[in-house]
Number of protein chains: 2
Amino acid sequence: MARLREFEIGDALDGVMSVFWRQGYEGASMQDIEAATGLNKQSLYRIFPDKRAMYLAALERYEANEFAKAEEVLAGAGTARSRFETLFGGVIALAAQGDRRGCFLCNAAADQGQEDDEATAAVSAAMQRLEKIFRKALAASPPYDRDRKAREDRAAALLASYLGLRILTKADAPLRVIKSAASAAIKAI
Amino acid sequence: MARLREFEIGDALDGVMSVFWRQGYEGASMQDIEAATGLNKQSLYRIFPDKRAMYLAALERYEANEFAKAEEVLAGAGTARSRFETLFGGVIALAAQGDRRGCFLCNAAADQGQEDDEATAAVSAAMQRLEKIFRKALAASPPYDRDRKAREDRAAALLASYLGLRILTKADAPLRVIKSAASAAIKAI
DNA sequence: TGAATAGTTGACCATTCGGTCCGCAATTAC
DNA sequence: GTAATTGCGGACCGAATGGTCAACTATTCA
């Protein structure tokens, strides 16, 4: 009956995400998005009602990608400390490579000058999911904290440290500082 | 010879800062800035060459204001732990009040989709100054770390935690998580 | 064959943007 | 008075914005 779509929506979404990630909401023009996806406006607007919807979809995709990776790392073998060491090591590696994109979710949190309630809610929910992943990882291996509260505090502290590391990376802080912060955060486990 | 200026540049700068703080660079229009300062374009452009200069000046002002406060708190009486407790308590209080502006410097770090090297450098320098303030506070009171490296690590970790707390606030994370993170970060001192 | 959808190109829209310019009233110092 | 400057208001500029529409080709399935 009708012609089939010739591209994968997921591929287009990857392009959309990378643009918003690097340039933020207002900083990304439709031209940029066309270039990054290899599609033109009409094809894009057939998938998404408007630019905001693209942004929200990009946020979702980032969360799905990034959290899957984090979950994989944190569910690996070894002690909780060694696994968080791997996770934080990844952040350091990005910083060392000069990857200054930072964490898209953090960027989004700071970006929402436009006071987009939907985006704020999405970021907030994502942060809580990440906290849950951290908590689960702490609960699954020694050293075990005595009570639930202590475990929750530790997970939250690791989350704050993780976000802080990514902000420091984005802010182009010296690698020395980033490494120091990661090292001390790990030691505290 | 000539008429005198009727307003304080500092007052205007406060207005400029508050707009950029809340709305980011791209999100703040000249109209917004006119409204916030109570001045019109011509008066503003007589002080600043362009919008970017206003943004950079606002960053400087934020740093001067905020770091002065932080330095005051961290130079107070008591142990290092108690002083950082006060500092982090302030962040929690802002979150509890529903102040979601976050840290202007963090926002700026994430905001720079426009790849403004000057702004990046300013943020980076500010972060390093803050790290220095933290380090100084740790060096000035017990518990003393054995070596300089340990003290540096601790300062960097506290900085990451501090930034993470502010991001969590901006991201509208539950107050419970913010309090947990602060509490665990303090305990690690 | 024919209806329906996908994709491309380019024109087009109103709006907003940062920034400039002009004119006018007020104020200051010589 | 006169020159110089400040502040205000509004007109104005070119450029870029997000988004729409029309025209055309290609592809699919009934």
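Computed from a predicted structure; not experimentally measured. Within every chain, numbering begins at 1; the chains are lettered A, B, ... in the order of the sequence lines, protein sequences first and strands thereafter.
- Taking atom OH on A:Tyr55 and atom P on D:dG18, their separation rounds to 14 Å, with Å as the unit.
- Taking the ring-ring contact (aromatic ring centres under 6.0 Å, His included) definition, one finds that A:Tyr45 meets it with nothing, sequence neighbours left out.
- Residues satisfying the ring-ring contact (aromatic ring centres under 6.0 Å, His included) test with B:Phe88, not counting sequence neighbours, are none.
- Applying the side-chain hydrogen bond (donor to acceptor under 3.5 Å, both in side chains) test to pairs two or more places apart or on separate chains, none has a residue in residues 67-77 of chain B.
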Just distance, no hydrogens or angles: give the donor-acceptor pairs under 3.5 Å from side chains in residues 89-101 of chain A, sequence neighbours left out.
{"from": "A:Asp99", "atom 1": "OD1", "to": "A:Arg101", "atom 2": "N", "distance (Å)": "3.0"}
{"from": "A:Asp99", "atom 1": "OD1", "to": "A:Arg101", "atom 2": "NE", "distance (Å)": "3.2"}
{"from": "A:Asp99", "atom 1": "OD2", "to": "A:Arg101", "atom 2": "NE", "distance (Å)": "3.3"}
{"from": "A:Asp99", "atom 1": "OD2", "to": "A:Arg101", "atom 2": "NH2", "distance (Å)": "2.9"}
{"from": "A:Arg100", "atom 1": "NE", "to": "A:Asp172", "atom 2": "OD1", "distance (Å)": "2.6"}
{"from": "A:Arg100", "atom 1": "NH2", "to": "A:Asp172", "atom 2": "OD1", "distance (Å)": "3.1"}

Which parts of nucleotides 10-23 of chain C does protein reach within less than 4.0 Å, heavy atoms only, written one letter per nucleotide 5' to 3' as B for base, S for sugar-phosphate only and - for none?
B------SSBBB--
Result block: side-chain N/O donor-acceptor pairs under 3.5 angstrom for residues 36-44 of chain A, not counting sequence neighbours:
{"from": "A:Thr37", "atom 1": "OG1", "to": "A:Ile33", "atom 2": "O", "distance (Å)": "2.8"}
{"from": "A:Thr37", "atom 1": "OG1", "to": "A:Glu34", "atom 2": "O", "distance (Å)": "3.3"}
{"from": "A:Thr37", "atom 1": "OG1", "to": "A:Leu39", "atom 2": "N", "distance (Å)": "3.2"}
{"from": "A:Asn40", "atom 1": "OD1", "to": "A:Ser43", "atom 2": "N", "distance (Å)": "3.3"}
{"from": "A:Asn40", "atom 1": "OD1", "to": "A:Ser43", "atom 2": "OG", "distance (Å)": "3.2"}

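- If you measure from atom CD of B:Glu34 to atom C1' of D:dG7, you get 12 Å, rounded to the nearest angstrom.
- The phosphate of D:dG7 (OP1 or OP2) has a side-chain N or O of B:Arg46 nearer than 4.0 angstrom.
- Contact check on A:Asp153 versus A:Lys149 returns a salt bridge, with a Lys/Arg side-chain nitrogen under 4.0 Å from an Asp/Glu carboxylate oxygen.
- Residue B:Asn40 places none of its side-chain N or O atoms closer than 4.0 Å to OP1 or OP2 of D:dG7.
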